[in-house]
Amino acid sequence: MSDTPVDTSDLIAVRRQKLADMRARGIDPFRANWDQTHTSKSALTQFEAEEGAFFEKNPEVKAQLETYEAADAKLSAAKQERRAKIEAGELTAEDPYELPEVPEKPEIPEGSVVSVAGRIVTFRVMGKATFVKILDRDGVVQLYVQRDALPEGVYNTDFKKLDLGDIIGVRGPLFRTKTGEITIRVQEYALVSKALRPLPEKFHGLTDSDTIYRQRHLDLITNMESRGRFITRSRIIQEIRKFLWNRDFLEVETPCLHGVAGGAAARPFQTHFNALDCDFNLRIALELHLKRMLVGGFDRVFELGRVFRNEGLSRRHNPEFTMLEVYQAYSDHRGMMELIKGMVHHLCENVLGTYQIKRADDGTVIDLSGDWREVEYSDLVKEATGDSDWFSRSKEEKLAACAKLGIEVNPELEDYEVTQDVYEKLVEVKLIQPTFVTRIPKELIPLAKLNESGDGTLDIFELAINGQEIAPAYSEQNDPDVQREMFMEQVGEETQNLDEEFLQALEHGMPPAGGMGVGIDRLVILLTEASNIRDTILFPALRPEQG
RNA sequence: GGGUCGAUAGCUCAAUCGGUAGAGCAGUGGCCUUUUAAGCCAUUGGUUCUGGGUUCGAGUCCCAGUCGGCCUACCA
């Protein structure tokens, strides 16, 4: 293999040739391991601490350094000014000039020796020395490699043949370069894993969204913003768990395969279980099994899980998405208000470090701190339509009003659905600041308790932030007969779509409870200031590539 | 599902009225021991998404298809 001629027309062939040459010389380009003592970040923090301790013992060196830095800044400013004048034609390069004097830079001892490993993301050869940057799990660290610091010959025959994208391990002491960047002075290095394919261009990274989604690994190497967003997503989920564990909630797992896909109204994905020779649906909600946990005496439960809805793709919809559902016995929708607000505040404190979020769309600042606005559904609809008698109008009048308001509404919809359309198209999208929408009409949700006033509204809220529904929560329906009736109205003739197992469980008695569902992806969109659900899902649904 | 825009070198992008497909980065060879998108010299690299058509001539115009973005529809 090693005498295969190099095909320079193919970047991969060049790298394969390097690989073959290494193997021929008995070097394994894919090592079993590398002993790390630090990550990029912990190495940097360590040096800062060591340097700080040194300055404390030697304050005069710190003073010298500050003098040096100030003088150096003046020097660069003077050079820049001169360059600007030459460009503007006020001076020529031959004109005599004086530059401010800069004192000698004081010596600062090198830090301790660290061992790190990561992927090469920049590689700047400057003759007999090279600057390299490697990326590891928590960031980038610079390496300084001098020819004479490596065993004889290695720099030219091996080191300079490294490629962008290769993963290397290095060992050496920390120091600060002339420009102030904390850097590892490499004494020892090894190729840990050879990259046979080139990375995307370093400055622009990947921009083709198709490639970004299909080859997310490349996006993560190249695009630090994207990388950070997925780290934040993971920390959000971690902190949600902590928040609920601390309130004595039990995390449970319920099945993804459902005989009847209940707990929401959405088209399910269907599949077939061979061993039982029967059809199953992928779950569209977690609700019904979690309520059966309440019947079973698990008074505080939650599940963080994937649900699947066989519906369209959009900026806000992916067919599989992550849902949190929480149920707390002896609580109600009011209790859920406190819970969700507490949870979001916890995330602001512990993940984001701020309560102010900038919208990706228009830069509006969303303030998540303090108490959140609470407003009734009917008031919002009346306000949006400018009609205080909206709810006593006939369907025809409502449709006519919709046309005037410039929204398209399917005339075959039920009366309450027309209103709901108005809500979704005119109201919800404008609820940018956190808002609890309460007293929602009973036709919309069959699983919640009716308000005691008997006006046909439900004891529920929908939390809207950023123009999207983030979390609906109910005082859960625990009357088995009312529940059955509500289901019957929903399914009509199709009684095979009744979840009898759930209804029977309710007949054993379910404690009064508050329950809530949180769309994790939408929450992450909000908290990471993303504009598209696909930026928050590692591998979003795409049509499989052909061939 | 409908509308609309797009696909050119490994990556990011050019290409005038239909007239020899270019640049930067990456790669390759050389210079360079503190760089910051390092710099300098030289240089390789193309099924212009696929398949048809019009034309003396197509990256460019037409038709069909594939994949994608955005809008829209569906969506408790």
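Below, chains carry the letters A, B, ... as their sequence lines are ordered, and counting in each starts from 1. Worth knowing before you read on, the calculation uses all heavy atoms, side chains too, and leaves out hydrogens, waters and symmetry mates.
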Side-chain H-bond candidate by donor/acceptor type, N223(A) with S226(A), under 3.5 Å: no
How far, in whole Å, is G10(B) from G46(B) if one measures between their P atoms? 8 Å
Residue whose nearest RNA chain B nucleotide is more 5′ - F203(A) or T207(A): T207(A)
Syn or anti for C31(B), taking syn as within 90° of 0? anti
With the side chain defined as heavy atoms from C-beta on, E311(A) is closest, among U34(B), C75(B), U33(B), to C75(B)
Rounded to whole Å, CD of E201(A) lies from P of A14(B) at a distance of 14 Å
Classify F175(A) by what it touches in the nucleic acid, base, sugar-phosphate, or nothing, heavy-atom distance under 4.0 Å. base
Euclidean distance, atom NZ of residue K425(A) to atom P of A73(B) [Å, nearest integer]: 5 Å
Among U35(B), U33(B), C25(B), the nucleotide that comes nearest once only the side chain of K202(A) is considered: C25(B)
Identified pairing partner of G39(B), criterion: Watson-Crick or G-U wobble below 3.5 Å: C31(B)
d(CG, L164(A); P, G10(B)) in whole Å: 17 Å
For N466(A) and R359(A), which I'm curious about, is there any donor-acceptor pair between the side chains at under 3.5 Å? yes
Taking donor-acceptor contacts at under 3.5 Å, does the side chain of E181(A) reach the base of U34(B)? no
Sugar-phosphate, base or nothing in reach of L313(A), heavy atoms under 4.0 Å: base
Side chains of K449(A) and N478(A): donor-acceptor distance under 3.5 Å anywhere? yes
Looking across every strand, which nucleic acid part, if any, lies under 4.0 Å from R185(A) by heavy atom: base, sugar-phosphate, or nothing? base
Which of the following nucleotides, A26(B), C11(B), C74(B), is nearest to the side chain of P200(A)? C11(B)
Atom C1', compared across G18(B) and U54(B): separation rounded to whole Å: 11 Å
U43(B) and A58(B), which share atom name C1', separated by this distance in whole Å: 31 Å
Complement of G24(B), any strand, by Watson-Crick or G-U distances under 3.5 angstrom: C11(B)
Taking atom C1' of U72(B) as reference, at what distance in whole Å does atom CG of D421(A) sit? 14 Å
T177(A) side chain, from C-beta outward: closest of G68(B), U33(B), U35(B): U35(B)
Regarding D208(A), tell me which of base, sugar-phosphate or nothing describes its non-hydrogen contacts under 4.0 Å with the strands shown. sugar-phosphate
Can you check the N223(A) CG to U12(B) P distance for me, whole Å? 12 Å
T183(A) side chain, from C-beta outward: closest of U34(B), U35(B), G27(B): U35(B)
Once you apply a heavy-atom cut-off of 4.0 Å, does K161(A) come out as touching a base, just sugar-phosphate, or nothing? nothing
Between Y144(A) and E181(A), does any side-chain donor sit less than 3.5 Å from a side-chain acceptor? no
Touch check for L199(A), heavy atoms < 4.0 angstrom, all strands: base, sugar-phosphate only, or nothing? nothing
Is a donor-acceptor pair below 3.5 Å formed from side chain H204(A) to base C11(B), judging by atom type as modelled? no
For A264(A), report the nucleic acid contact type (base, sugar-phosphate, nothing); a contact means any heavy atom under 4.0 Å. base
Say you pick atom C1' in U50(B) and the same atom in C70(B); how far apart are they, in whole Å? 24 Å
Between A7(B) atom P and L206(A) atom CG, what is the distance in whole Å? 17 Å
Checking all strands, does P446(A) fall into the base, sugar-phosphate, or nothing category for heavy-atom contacts under 4.0 angstrom? base
Looking only at side-chain N and O atoms, does R543(A) come under 4.0 Å of OP1 or OP2 in U66(B)? no
Ion pair present between R185(A) and E110(A), side-chain N to carboxylate O less than 4.0 angstrom? yes
Parallel, tilted or perpendicular, judged at 30° and 60°: which one describes the rings of F269(A) and F308(A)? perpendicular
Name the residue closer to the 5' end of RNA chain B, choosing between K160(A) and R315(A) according to the nucleotide with the nearest heavy atom. K160(A)
Indicate whether any N or O donor in one side chain lies under 3.5 Å from an N or O acceptor in the other, for E374(A) and T435(A). no
For the P atoms, the ones on C40(B) and on C25(B), what distance do you get once it is rounded to whole angstrom? 8 Å
In whole Å, what is the span from the CZ atom of R309(A) to the C1' atom of C75(B)? 8 Å
F131(A) has an atom CZ; how far is it from atom C1' of A37(B), in whole Å? 16 Å
Taking C67(B), C32(B), G10(B) as options, the one with an atom nearest any side-chain atom of K128(A) is C32(B)
Which part of the nucleic acid, if any, lies within contact of N532(A), taking any heavy atom under 4.0 Å across all strands shown: a base, the sugar-phosphate backbone alone, or nothing? sugar-phosphate
Using both distances under 3.5 Å as the test, list the Watson-Crick or G-U wobble partner of G6(B), or none. C67(B)
How would you label the contact of Q420(A) with the nucleic acid (heavy atoms, under 4.0 Å): base, sugar-phosphate, or nothing? nothing
Among U33(B), U28(B), C74(B), which nucleotide has an atom closest to any side-chain atom of V14(A)? U28(B)
Under 3.5 Å, is there a donor-acceptor pair linking the side chains of D21(A) and Q17(A)? yes
Considering only the P atoms, how many Å lie between U4(B) and U47(B), rounded to the nearest integer? 31 Å
